[in-house]
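Everything numeric here is computed off the predicted structure, so don't read it as measured data. Labels below follow one simple rule: chain letters A, B, ... track the order of the sequence lines, proteins then strands, and each chain is numbered from 1.
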Amino acid sequence: MAMLNSLGFILGTTLMYATPLLFTSLGGVMSENSGVVNIGLEGMMTFGAFAAATVGYFSGNPWLGFLAGGLASGFLGFLHALACVTFAANQVVSGIAINFLGPGLALFLSRKFFDGATMTYNLPIEMKMPKYFNNMLPEGTFVRQVLNQDISVFMAFTLVLLIWFLLYRTKLGLRIRAVGEHPKAADTLGVNVSRIRYLCVILSGVFAGFGGASMSLAVASNFFQTLISGQGFIALAAMIFGKWKPHGAMVACLIFGCAQAMTIFIGGTGLRVPQEFLSMAPYILTLVILMGFVGRAVAPASDGIPYIKDES
Amino acid sequence: MGKFIKRLFSGTIGVTIFSIVIAFIMGGAILLLAGYNPVQVYMVMIEGVFGKPKNMAWSVIKATPLIITGLSVAFAFRTGLFNIGAEGQFIVGSTVAALFGYYLHLPPLIHIPLVFVGGAFAGGCWGSIAGYLKARFGIHEVISTIMLNWIALYGHNYVVGMPGFARRTNISCDIQDSACITLFKNWKFSEVGRTWFGAHPILRDIFKTPLNSGFLVAVLLVILVWYILNRTTLGYRLRAVGFNKDAAEFGGINVKKSIVLSMFIAGMLGGAAGALQVMGVARNISTLAAMEGYGFDGIAIALIGNNSAFGCLFAGLLFGALKFGGARIQSPPVRAPMEIINIMIGTIVFFIAIPRLIRMIIRWREKRKGDGDA
Amino acid sequence: MADVDFTHTTVEMRGIVKKFGSLVANDHIDLTVHKGEVHALLGENGAGKTTLMNVLYGLYQPNSGEIFIKGDKVEVTNPNIAISRGIGMVHQHFMLIPPFTVTQNIILGKETSGPFGVLDIQKAAEEVKAISEQYDLYVDPDQKIEDISVGMQQRVEILKALYRNADILILDEPTAVLTPQEIREFITIIRNLTFQGKTVILITHKLREIKQAADYCTIIRRGKRIDTVEVEKTTEQELASMMVGRSVSFYVKKEARIPGEAILQVKDLVVRDNRNLKAVDGLSLEVRKGEILGLAGVDGNGQKELVEALTGLRRVESGGIFVHERDVTNRDPRDIIDSKVCTIPEDRQKRGLVSDFTVEENIILENFDRKPFSSRGVLNFQAIRDYAGKLIDTFQISPPDGTVRAGTLSGGNQQKVIIAREVSNDPDLLIASQPTRGLDVGAIEYVHSSLVAQRDKDKAVLLVSLELDEIMDLSDRIAVIYEGKIVGIVNAVDADENTLGLMMAGGGQENG
Amino acid sequence: MIRKTGVLLLAVMLLAPFAGPAFAKDMKAAMVTDVGGINDQSFNQSAWAGMERVRDELGIEVVYMESNQEADYAPNLETLYDQENDLIWGIGFMMGDKVREAAEINPEQKYACIDMFYQDPPKNLVGVNFKEQECAFLVGYIAGKMSKVNKVGFVGGMDFDVIHRFHYGFMAGVKTANPECEVLVQYAGAFDDVTKGKSIANQMYQKGADIVFHAAGFTGTGVIEAAKENNRYAIGVDMDQNFLAPDNVITSAVKRVDNGIFNVTRDLKEGKFAGGGNVVYGLAEGGVDIAPTSDKHVPKAILDEVALLKKDVISGKVKVPANKTEYEEVFK
């Protein structure tokens, strides 16, 4: 029973940790499959977390907040697309810019709306993302321990399915991947490379924003300066780890979340492991897994290369 | 002369200057929209940087580690690697410098270089881990350096708390005076020093800051990096690998070794920045709750400096000034959010990313001017 | 002759001008193509043929000029418009996506899909199969492009156009990668297509093909249309001088020589490719002092892997490589260069040059850490500049300035930089892999004479090329590679295209 | 060289008259926050509340500067020095050393630092400390009394002495109220990791604990989130955190940083600046307490017992342990 309880806790916590990463990672999957490197996920996630918490607070509706988080980051995604697609920018540089702009704007606006504070006001529980399954699952059972999650968790995993389906089973997905692999080939067949890249990069912002929103509206109940601190980069790593595939990213996020959950679990047992070593474990684990099991990851062939029509 | 200026502005430097100007305009617009007087804000910033000699000293102090982390990122970029890990290398460098600085008891002439080299070497080793992982396992350096940053952070926190090294909660013991590079560190607190400085208030003001020889080291490193990259066979080899590793391999260059070596050097620079910060400013290390951003600022600096060594020097000074001057805008009379600085930095980098836009504008202007002349 | 319908012009382009910055790629070009004909566009590399066709296909917008398709004036602002007007284009560098299947590549942009854009790949595959049967272009719809042969890939490209109901097919340098037999087959396919009412525009610089396949030929030189001629009424020599603007000799002058002892010996070599298959499978050969050994073969039969193994870039699984009877198997590239083996790599951009380096810097790529170019780890710029200047003079590299970025040079001059670098190392063995790919006639002549000069200096030369003409013109002996093995070695004087072609397709006698 | 020095000296002499301090008119006080920022729902915010009281009640002009990283402490202190404040506060022990350095360099300027106990401070510097263990003791007592399952939890931010005071004070309180009650303890290793705080608390609740006390900054807000979502109880820290979850935060171990700030600044105005030493605020001085909103959830009977206990602590009859050694001496 105790074993099952522990397992329930670890799985449940894994899901909680993985969710914001997963949304953001899927954002990365979208953008990079269309051939645009998005290192600005961190900035987008931060801005999304802020916008979600703010709109959530003022509207009292978590769904509006969640959407606003996506839209706000979608705006940053638009900027990134503008630079990378229209102006053929160096995509890494533009991403770095987003990483300064996102948090900068978030904190600046936060001070404007929240009385000089770099954090938003706390949301009461009824203004947070709901837990629909809370009451359906019987109290104290294993299933409940695992699945007693915010709705955002289920949304993230549904999104994995949707994006997998989109990329590998639909017309649009075929075109997205074609544009990421060989934009010129797609162009010669009348596929509008710019439009598809715009769409994907903006969507990548939207998903990163959802990732941020699932932090500020579900895991926590407000936005503050260090809420995201590095998760966007972890999500980026997870996407590479997952070989640029939605299901791969999901596995990577789960592994990462599980490492975090294990950290907490071990910290709660009597084992005298220094706190710092527990905290660094997930990162070491990720490196070890990359060394041993994954091998060389292959990005979409044209990932990171601007497509310039007239200079072939 | 006119031709020279024209060439300057259509080149990379022109793009950079243009981006900085746009950033100030954008920053101003945002401040205006938010209800602040941008002119006043900028005046406070400028006054904050240039108003007093000691403020300039502060800007230089702030700039010192940033110049070097910028160099670290730029060096890696020039050799085809993206070093997001300058942050971690900085942390490792500062940790080892603090340990060497505290536990070793040596005369300053030996101690100072030893601590510096120790920190730099540790940073180098940290960096070369990422290089090795890339060369041996093909792990992208972006992932590995992100992971290594966090590992460095927690390792650092562990060291801070080690019994015997922790002076009090969350803060380690100070390094020995013999490892300190702050100018007149003890003398300025002594009776004689105070009396002398009392008579020379401006110098007193300047040396009140933890002004240290770190900036000189930074300038030397800038020259060294420039020299290595452009004048030595080592630089030639690393750049060849950076530009085109297939051709380099074809030409008989050992690509894997070069990747490790180049991450080692980039890491050494990151570590050196950390060591100098400990030796000159902080004198101890303390528990980090989150990344401090030296490495991430370094990325922006490398980009603004166009990945050239001297570019990093100027971009670093710009950053130092923005950071020190920018912090002043939060106090009266303007009370503006200092995050405007990050927005401005982001804007600079953003426009640097799109030189095409700026070139288009320049071309368009020239064309218009040409039409006007005709 | 096909049924050319002179009453209908299918494509008419008038006064097309296309500029890239200051470069005028197309300078008021006119082109008229009639229904049912094979119309060749002849010109050197960079003459502007492909640009003109990209304009017709909507990939580029012309600065001025008009396009009429089937009598209607059309603004072709993007490929979709061209496609809807029945134009299909097969590019020289195939526009195929390697990890996609044949079907996915063919339907991209015109997908068969159900509600919500869900792909119906099954139905699409059937459609692909149907068309491939209709035109006798067999492909396996479910295979990935990266797993099929180049000839097969070309069929996929043609099917892509046919799938879009193209009746005007633009084929850009379609035969560059084919064996003589495949070329013959290909010409039959083209003929077949015209019989079925299609019009074909053939971009090429190969005169023989024009003679074999085309009805009309428009010659373009430096962006300008020189003339349009009826192929039957002209000679190869005439076409050539119109293309180059002067009379050219196809014949490479070369004295007979008696080769000396073997410099390079390869014994039972086995090398695996990127997919871990045996690309070189028990290959043996010898290159002797004072001879050019030409290695003929269809692309993808292990040439690339062989050269990579010889230069130390790829691991040898078994067998041995000996230079001057010294074992250099699995040595690193440095060692091999030091044993006086130099290489002109097949891919200038990828292997040959660091395009962001200056010409000077590229010239010392293999010697930068030696005196006089550096001492104690510090580069000596004066020595580098002097040396580079000398080579630039000797090899007539243009522009004659060592400080320009190598990437800004023309293809021919880039190749000259590589040749200058390799030849001036004074190698005993020179490996030249596709040394003339993508070069114009002048540059090709230059490269050829450089290779012959090496031979005449009593060096050994291994020439790997996909162009059979080149191999036959230059080589003293010709070895044919098929599926990683040498299937035959013949003396050049005894060689004829037919037997070589047969051997290249795997039909040759055993190693003699 | 000589000429250069000469020019420099000339410049110094010319500029010297302008660099001296101007005459202060009204009194001014300022504070530098640590990296948490001004509205951290914790002690920076509490400190600023104290400053605002100083402004409202004493008519002293007040300002603050926020720090983004450790390297900001010194320049921020310097900027405030330039603005001629009468008293400059450093908030948090992290900047204790920097405040002391500033005080030594600028002997005419008065400084104070929260949570910092100085050895031999100069005359112009005062360290202001709190007996966190005393308020933690009281909330521990409440937890011990209110736990229905004899199991409560403590989540610490980072492993060091201020947090140890909370930790062992709390343990002592719990054991005093109910020796049978088990205390689950876990440190998060961070003050800013909400997810971690939430997971740790989740685990504690899952293991059966019904009340969790945190001393963990933002990490602790995660603890309160977990309480809300699991519908259990949590105990807040530093300020009255009931507003974060009115139904779940039963009480808070309040550290009256605001009172500390107010008192020291008022003393300065009245000419009684306690420079050259430290002041320690405990229950007796009103420096720590339990939250005023405690009566919403805690039964009157228990609050009455707490009131008695408070008297005993103040009178010294009950000695509250502040670290592990002291704790083990009492509860073995």
A.B. asks: Other residues, nucleotides and ligands only: do more than 12 of their heavy atoms fall within 6.0 Å of CD on C:Q143?
C.D. replies: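 Atom CD in C:Q143 is crowded, with more than 12 foreign heavy atoms closer than 6.0 Å.
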A.B. asks: Just how far is it from atom CG of A:N192 to atom CG of C:N80, taken to the nearest 0.5 Å?
C.D. replies: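 Rounded to the nearest 0.5 Å, the CG-CG separation comes to 8.5 Å.
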A.B. asks: Mind checking what makes side chain to side chain donor-acceptor pair (under 3.5 Å) contact with C:D120, not counting sequence neighbours?
C.D. replies: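 C:D120 satisfies side chain to side chain donor-acceptor pair (under 3.5 Å) with no residue once adjacent residues are dropped.
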A.B. asks: Using heavy atoms and a sub-4.5 Å threshold, report which of residues 160-181 of chain A line up against chain C, by residue number.
C.D. replies: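 Under the 4.5 Å heavy-atom cut-off, A:F165, A:R169, A:T170, A:K171, A:L174, A:R175, A:R177, A:A178, A:E181 qualify.
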A.B. asks: Checking heavy atoms, do the side chain of C:K160, its backbone, both or neither come under 4.5 Å from chain A?
C.D. replies: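 Contact with chain A involves the side chain of C:K160 alone.
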A.B. asks: In this structure, are over 12 heavy atoms from other groups packed under 6.0 Å from C:K70 atom NZ?
C.D. replies: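 Yes - once you tally the heavy atoms of other residues, nucleotides and ligands closer than 6.0 Å, there are more than 12.
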A.B. asks: Does any heavy atom of chain A fall under 4.5 Å from the side chain of C:H93, the backbone, both, or neither of them?
C.D. replies: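 Looking at C:H93, nothing touches chain A.
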A.B. asks: Would you compute the distance between atom CE of C:M95 and atom NZ of A:K184 and round it to the nearest 0.5 angstrom?
C.D. replies: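 So the CE of C:M95 and the NZ of A:K184 are separated by 4.5 Å.
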A.B. asks: Mind listing the closest non-hydrogen atom pair of A:G190 and C:P79 along with its distance?
C.D. replies: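 Closest approach of A:G190 to C:P79, heavy atoms only: N-CB, 3.9 Å.
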A.B. asks: Taking atom CD of C:E75 as the centre, does the number of heavy atoms from other residues, nucleotides or ligands within less than 6.0 Å exceed 12?
C.D. replies: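 Not buried by this count: 12 neighbours or fewer within 6.0 Å.
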A.B. asks: Using a cut-off of under 4.5 Å for heavy-atom pairs, which of C:V118, C:N105, C:L108 has the most such pairs with chain A?
C.D. replies: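 Top count of heavy-atom pairs under 4.5 Å with chain A: C:L108.
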A.B. asks: Go through the atoms of C:L96 and report whether side chain, backbone, both or neither lie under 4.5 Å from a heavy atom of chain A.
C.D. replies: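 It is the backbone, since no side chain atom gets that close.
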A.B. asks: Counting only heavy atoms not in A:F75, do more than 12 fall under 6.0 Å of its CZ?
C.D. replies: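 It does not: A:F75 CZ has 12 such atoms or fewer within range.
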A.B. asks: Determine whether more than 12 heavy atoms belonging to other residues, nucleotides or ligands lie under 6.0 Å from atom NZ of C:K129.
C.D. replies: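 12 or below, so no.
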A.B. asks: Need one label for C:I83: side chain, backbone, both or neither, based on atoms under 4.5 Å from any heavy atom in chain A.
C.D. replies: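 Answer is side chain: those atoms of C:I83 sit under 4.5 Å from chain A.
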A.B. asks: Under 4.5 Å, counting heavy-atom pairs only, tell me which of A:V191, A:D187, A:T188 racks up the most with chain C.
C.D. replies: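 The answer is A:T188.
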